[in-house]
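The first residue of the sequence shown is numbered 1, and numbering continues consecutively from there. Every heavy atom of this structure was used, including side-chain atoms; hydrogens, water molecules and symmetry mates were not.
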Amino acid sequence: MTVALPGLALALLCLLQVGAKVPVQPDFDADKFAGMWYVTAAASNCSIFLKMKDGMKSSITTISFTPEGDLAMKLVWPLLDQCQKFELLLQQSGQAGRYTADQEKRDVLVMETDYSHYAIVHEVHQSETEPSTALQLLTRAQDVSPQLLQKFTELIPTMGLTKDMLAILPKSDQCTKAIS
Ligand SMILES: *[C@@H]1O[C@H](CO)[C@@H](O)[C@H](O)[C@H]1NC(C)=O
């Protein structure tokens with residue numbers, strides 16, 4: 001556990017990174033975006049993610065917004081026999097649907113969402129040593145339709161990533177009770 005955790009935490013950070021030229025969901029509505037999502041698939045060229053992706057399971061993220069409009073994210077990630085919890089606060093950027101962290105080195109952008117079924121989140125980490133890009137598929141239900149998965153998979157190469165960087169995260173009931 002104690003050995004795996006820093007790696008996992010870093011792998012999660014790989015998934016929390018956004019670029020400038022990526023489209024944002026028009027008329028993004030934060031209130032409708034809030035609530036619980038399953039992270040059902042992810043793709044990233046971050047080396048730690050690529051090392052760990054085959055052992056990752058679907059996690060749960062609960063999103064809320066502060067009165068200032070910042071995005072608060074609570075993640076519950078099944079790891080071995082435990083549920084690891086992480087909390088992150090992303091600052092609003094002035095553009096609806098786009099959030100930043102680490103002095104704007106990390107951007108998180110909601111590319112597309114219908115609020116009630118799915119969201120596609122794009123992230124970029126501007127690091128001098130290892131810049132990386134990630135895409136995440138969030139779904140309200142734990143089951144994801146083949147059509148949605150296909151749509152997500154088709155987006156991967158358009159973001160400069162390759163399909164072998166994709167992890168379809170297996171469903172897990174391990175942590176559904178750990179959220180609150
Ligand atoms: C990840 O992909 C982005 C976009 O193509 C690129 O700018 C970055 O250098 C890549 N990082 C790695 C570690 O390959």
N/O donor-acceptor pair under 3.5 Å between [X] side chain and [Y] backbone:
{"X": "D29", "Y": "K32", "value": "yes"}
{"X": "Q136", "Y": "V121", "value": "no"}
{"X": "T113", "Y": "Y118", "value": "yes"}
{"X": "R106", "Y": "V124", "value": "no"}
{"X": "D70", "Y": "Q92", "value": "yes"}
{"X": "E130", "Y": "S47", "value": "yes"}

Original post:
side-chain contact (heavy atoms from CB on, under 4.5 Å) between L137 and L148: does it pass, once the steps are laid out?
Top reply: CA-CA 9 Å; L137 177 64; L148 193 53; 4.1 Å; yes
Subject >> Check against side-chain contact (heavy atoms from CB on, under 4.5 Å), H122 and T133 >> reply: CA-CA 8 Å; H122 182 270; T133 299; 3.4 Å; yes
Original post:
Stepwise, does the side-chain contact (heavy atoms from CB on, under 4.5 Å) test hold for M159 with M111?
Top reply: CA-CA 12 Å; M159 295 297 143; M111 280 181 72; 3.5 Å; yes
Subject >> Between Q142 and T40: side-chain donor-acceptor atoms closer than 3.5 Å >> reply: no
Original post:
Parallel, tilted or perpendicular for Y115 and F33, by the 30°/60° rule?
Top reply: perpendicular
Original post:
For the residue pair Y99 and F65, does the interplanar ring angle fall in the parallel (under 30°), tilted (30 to 60°) or perpendicular (over 60°) class?
Top reply: tilted
Original post:
Does a salt bridge link K151 with E112, judged by any charged N lying under 4.0 Å from a carboxylate O?
Top reply: yes
Subject >> K57 side, atom NZ; C175 side, atom SG - distance, nearest 0.5 Å >> reply: 8.0 Å
Original post:
Atom CH2 in W37, atom CE in M73: separation rounded to 0.5 Å?
Top reply: 11.5 Å
Subject >> Steps toward side-chain contact (heavy atoms from CB on, under 4.5 Å) verdict (I156, M165) >> reply: CA-CA 9 Å; I156 293 172; M165 295 167 181; 5.6 Å; no
**OP:** Return the minimal non-hydrogen interatomic distance between L166 and A41, and the atom names on each side.
**Re:** CD1-CB, 4.3 Å
Subject >> Minimum-distance pair of heavy atoms, taken over all atoms of A101 and L90 >> reply: CB-CD2, 3.5 Å
Original post:
Applying the side chain to side chain contact (heavy atoms under 4.5 Å, CB included) test to L135, which of T153, V22, L155 qualifies?
Top reply: L155
Original post:
Above 12 or not: heavy atoms from other molecules or residues under 6.0 Å from CG of D114?
Top reply: yes
